[in-house]
Amino acid sequence: MDQSKQEKEYGYELFPERNTGTKKEKSFVKSLFTSQFKCEVMLKLAMETSPYAKLLLSAMNSSGCKVVRDRHFACEDCDGSVSGGFDVASSQIVLCQNNIHQQSHMNRVVTHELIHAFDHCRAHVDWFNNLRHLACSEVRAANLSGDCSFSSEVSRFNFGMKQHHQECVRDRALRSILAVRKISAEEAQKIVDEVFDSCSNDHAPFGRIPHGSKDAEFAYRDHESRDRYNANL
């Protein structure tokens with residue numbers, strides 16, 4: 001496939017630095033005041049303090065996919081419509097430094113993309129050729145990352161609907177697919193509907209839907225306890 005056509009079909013045009021492969025070199029002093037520096041500081045904090053991120057990092061390590069911050073994360077400028085992405089070709093998570101300005105947002109983006117990375121690690125996901133695989137991972141990421149938590153939805157002035165969490169997950173999975181694949185909304189909706197029940201009930205590695213930081217903290221403690229128990233068998 002022609003490279004420019006592939007980039008458009010798979011959403012790479014949303015991440016221009018992925019295409020050029022070049023970054024501007026900055027002096028150390030200047031770098032302290034850049035969006036990249038702030039992004040990297042927030043990333044470090046997310047990896048060290050977010051129970052969502054800590055659980056996923058631990059689960060990936062247990063699965064033989066150890067995550068190294070400098071190797072597997074990159075802070076870059078992106079299109080204004082996205083906050084992050086998982087680059088399968090490089091096994092790297094892209095964090096959109098020009099669009100992430102708050103720690104809570106960074107925590108959610110890191111968690112969302114780590115769920116894609118976890119799925120990539122544990123399953124034979126055909127990201128480019130099987131839209132059901134892509135849709136399943138998007139449903140799981142929206143369901144488990146806190147994207148659709150009560151506090152997140154209130155901040156968007158979306159609340160009060162019956163079965164609101166499920167509808168939020170469907171909507172965000174649909175929008176994520178449409179951002180990176182050139183298909184109709186009707187086709188994307190059909191694919192999300194086909195995988196929704198099975199994928200929304202797959203809570204690995206959390207074991208439950210973490211509806212907030214407390215839930216995620218309990219899930220993280222349970223996961224660590226299971227790891228210690230299995231290590232002693």
Side-chain angles (χ1 to χ4, degrees), residues 14-15 17-18 23 31-63 65-78 80-88 90-122 137-138 140-156 168-169 172 176 203-224 227:
L14 301 175
F15 306 95
E17 291 189 32
R18 299 276 104 181
K23 288 191 175 184
S31 72
L32 293 175
F33 302 98
T34 64
S35 55
Q36 182 177 353
F37 177 77
K38 288 184 283 188
C39 174
E40 290 170 353
V41 169
M42 287 194 290
L43 166 62
K44 184 175 186 293
L45 194 60
M47 293 178 71
E48 293 176 352
T49 65
S50 167
Y52 293 88
K54 289 195 298 180
L55 191 156
L56 284 158
L57 292 167
S58 177
M60 290 185 68
N61 188 47
S62 298
S63 299
C65 299
K66 183 176 177 61
V67 177
V68 178
R69 189 173 78 232
D70 292 340
R71 160 66 182 86
H72 295 109
F73 289 92
C75 289
E76 299 177 3
D77 286 335
C78 311
S81 64
V82 292
S83 297
F86 177 59
D87 185 354
V88 178
S90 61
S91 294
Q92 197 168 48
I93 289 171
V94 183
L95 300 168
C96 299
Q97 61 196 22
N98 55 317
N99 299 328
I100 303 174
H101 305 294
Q102 295 180 330
Q103 187 64 47
S104 58
H105 189 191
M106 174 64 79
N107 292 351
R108 289 197 305 275
V109 175
V110 168
T111 302
H112 183 111
E113 302 307 335
L114 278 173
I115 290 169
H116 292 321
F118 175 77
D119 288 346
H120 187 65
C121 171
R122 69 167 183 156
S137 191
E138 291 296 356
R140 281 177 30 77
N143 196 35
L144 301 172
S145 66
D147 284 348
C148 290
S149 68
F150 178 76
S151 59
S152 295
E153 282 295 87
V154 166
S155 70
R156 303 181 191 112
C168 172
V169 170
R172 296 188 71 82
S176 292
H203 302 152
F206 292 90
R208 70 195 83 178
I209 299 175
H211 290 289
S213 294
K214 287 185 178 179
D215 284 348
E217 186 64 47
F218 284 131
Y220 174 63
R221 291 176 184 173
D222 286 348
H223 181 270
E224 293 298 285
D227 269 7

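Note that the numbering runs from 1 along the sequence shown for the chain. Not measured: the values here are computed from a predicted model. Side-chain atoms are counted along with the backbone in the values below, which use heavy atoms only and exclude waters and symmetry mates.
Under a 3.5 Å cut-off, the side chain of Q103 and the backbone N or O of M42 do form a donor-acceptor pair. With hydrogens and angles ignored, the 3.5 Å screen pairs a side-chain donor or acceptor of E113 with a backbone N or O of F86. For N99 (side chain) and S83 (main-chain N/O), no donor-acceptor pair under 3.5 Å exists by modelled atom type. Between the side chain of T111 and the backbone N or O of N107, at least one donor-acceptor pair lies under 3.5 Å. No donor-acceptor pair closer than 3.5 Å links the side chain of Q36 to the backbone N or O of Q97. Remark: side-chain polar atoms of Y52 are not paired, donor with acceptor, to backbone N or O of Y220 under 3.5 angstrom.
Side-chain contact between D222 and R208 is present, with at least one heavy-atom pair separated by less than 4.5 Å. Looking only at side-chain heavy atoms (C-beta outward), C96 and F15 come within less than 4.5 Å of each other. By the 4.5 Å heavy-atom criterion applied to side chains, N98 and S35 are not counted as neighbours. A heavy-atom distance below 4.5 Å is found between the side chains of C39 and M106. Taking 4.5 Å as the limit, every side-chain heavy atom of E224 sits out of range of all side-chain heavy atoms of K54. Side-chain contact between I209 and N143 is present, with heavy atoms from C-beta onward closer than 4.5 Å. Proximity of L56 to F206: side-chain heavy atoms (C-beta onward) are separated by under 4.5 Å at one or more points.
Of all the heavy atoms in C168 and D147, the pair that sits closest is SG-O, 4.3 Å. When every heavy atom of L55 is checked against every heavy atom of P205, the shortest pair comes out as CD2-CG, 3.3 Å. Pairing each heavy atom of R172 with each of C148, the nearest pair is CD-SG, 3.7 Å. Residues L95 and F73 share a closest heavy-atom pair of CD1-CD2, 4.0 Å. Scanning both residues, S63 and F118, for their nearest heavy atoms gives OG-CE1, 4.3 Å. Across all their heavy atoms, V110 and A46 have their closest contact at CG2-CB, 4.3 Å.
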- Message: Applying side chain to side chain contact (heavy atoms under 4.5 Å, CB included) to H120 and S137, what does each step give before you reach the verdict?
- Response: CA-CA 9 Å; H120 187 65; S137 191; over 6 Å; no
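With respect to E217 and R221, a salt bridge is recorded, a charged nitrogen being found less than 4.0 Å from a carboxylate O.
Side-chain polar atoms of H112 and H116 form a donor-acceptor pair below 3.5 angstrom.
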